[in-house]
Amino acid sequence: MPLLSVDSLQVRYGAVEAVRGIGFEIHPGEIVAFLGANGAGKSSTLNALAGLVPVASGRVVFDGTDITHHAPERLAPMGMTLTPEGRRIFGTLTVEENLRMGAYGVSDRAEMDAAWARVYELFPILFERRSQYAGTLSGGQQQMLAVGRSLMSNPRLLLLDEPSLGLAPKIVEQIFELIGVLRDQGVTLVVVEQNVAMALEIADRGYVMSGGRIVSSGTAGDLSQADRLQAAYLGAE
Ligand code: ATP
């Protein structure tokens, strides 16, 4: 059974139809990349799945439950979280306070302790800086904090929107390494990325969006060769 199943998903902002009835499935243990030019509808898709923008029509099923109109705070306890584009951390809160905000759905003490241990083990730098204001972290550390915050609710499905955006090449490599580690820990990942080469290196499969539609899909190997990938980037929106 797919972990996430999306059927005829449509997202609108007033007259703008950002996502025009797309369908796809994500299976447990996969890393799936969403690729495409700016404005193709990738962020709108993730935000709609995460309940941050309304679904105009269509259906989203997570682990057998219809979550089409669920608010984000209902999704984290179910096991699905989004690390948004631009990180959205709180600069005037400490690292630890930011992380704690990610754990709002967790009530079990042992689960909470395990979440702290896991995040600080993945990101020792966040442990070192746990009492610092998040705004004083470097861009790469802020991205790690954003991912760490998402991990505090122990998600089975993590949606990552442009995790490498604006980061130095060395940090980008660390972020992609992290994606692999998370998969090895049993997390299923959907990753929106502008860094196509690296995304296809780590992903199992991918979808290419253009103009609010999925215009191509396939294994990462297929997509790296496909002419349609190029067409989606060069083509009209
Ligand atoms: P990017 O990589 O730039 O984030 P994207 O593929 O994620 O691109 P979206 O951000 O989903 O694309 O944008 C899809 C379309 O929706 C674009 O035409 C964009 O201008 C429009 N759009 C996105 N957010 C809004 C909004 N809040 N209000 C109005 N239009 C929006």
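Please read all numbers here as calculations on a predicted model, not as lab measurements. Every number for a ligand or one of its atoms is a count from 1 in the order of the listing.
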- Flag: protein heavy atom within less than 4.0 Å of atom 20 (O) of ligand 1: no
- Message: Does the plane of the ring in Tyr207 sit parallel, tilted or perpendicular to the ring in Phe24? Use 30° and 60° as the thresholds.
- Response: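 Tyr207 and Phe24: tilted rings.
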Tell me which protein heavy atom sits closest to [atom], plus the residue, atom name and distance to 0.1 Å.
atom: atom 7 (O) of ligand 1; value: Ser43 N, 2.6 Å
atom: atom 14 (C) of ligand 1; value: Gly39 O, 3.4 Å
atom: atom 16 (O) of ligand 1; value: Ala18 CB, 3.3 Å
atom: atom 29 (C) of ligand 1; value: Tyr13 CB, 3.3 Å
atom: atom 9 (P) of ligand 1; value: Ser44 OG, 3.6 Å

Between the side chain of [X] and the main-chain N/O of [Y], is any donor-acceptor distance below 3.5 Å?
X: Thr188; Y: Pro28; value: no
X: Lys42; Y: Ala37; value: yes
X: Arg118; Y: Met152; value: no

Is [X] near ligand 1, meaning one of its heavy atoms is under 4.0 Å from it?
X: Met209; answer: no
X: Gly212; answer: no
X: Gly41; answer: yes

- Message: What's the separation between atom OG in Ser43 and atom CG in Leu159, rounded to the nearest 0.5 Å?
- Response: 11.5 Å
- Message: Using the rule that Ile, Leu, Val, Met, Phe, Trp and Tyr join whenever any side-chain heavy atoms are under 4.5 Å apart, tell me whether Leu145 and Ile179 fall into a single cluster.
- Response: yes
With heavy atoms of [X] as the reference, note each atom of ligand 1 found under 4.0 Å away.
X: Gln194; answer: 2 (O)
X: Ala40; answer: 5 (P), 6 (O), 12 (O)
X: Ala37; answer: 6 (O)

- Query: Can an N or O of Thr45 be found at a distance shorter than 3.5 Å from an N or O of ligand 1?
  - Reply: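 Looking only at distances, the answer is no, because the N/O contact criterion of under 3.5 Å is not met.
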- Message: Can you check which of Glu17, Glu85, Glu162 brings a heavy atom nearest to atom 2 (O) of ligand 1?
- Response: Glu162
- Using the benzene-type ring in the case of Trp, are the ring centres of Phe90 and Tyr133 under 6.0 Å apart? no
- Task: Can you sort out the partners of Arg205 under salt bridge (Lys or Arg N to Asp or Glu O under 4.0 Å), two or more places apart, ordered by chain and number?
- Result: Glu30
- Ignoring hydrogens and angles, state whether a donor on the side chain of Ser131 or Thr94 is under 3.5 Å from an acceptor on the partner side chain.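 The criterion, which ignores hydrogens and geometry beyond distance, is not satisfied for Thr94 and Ser131.
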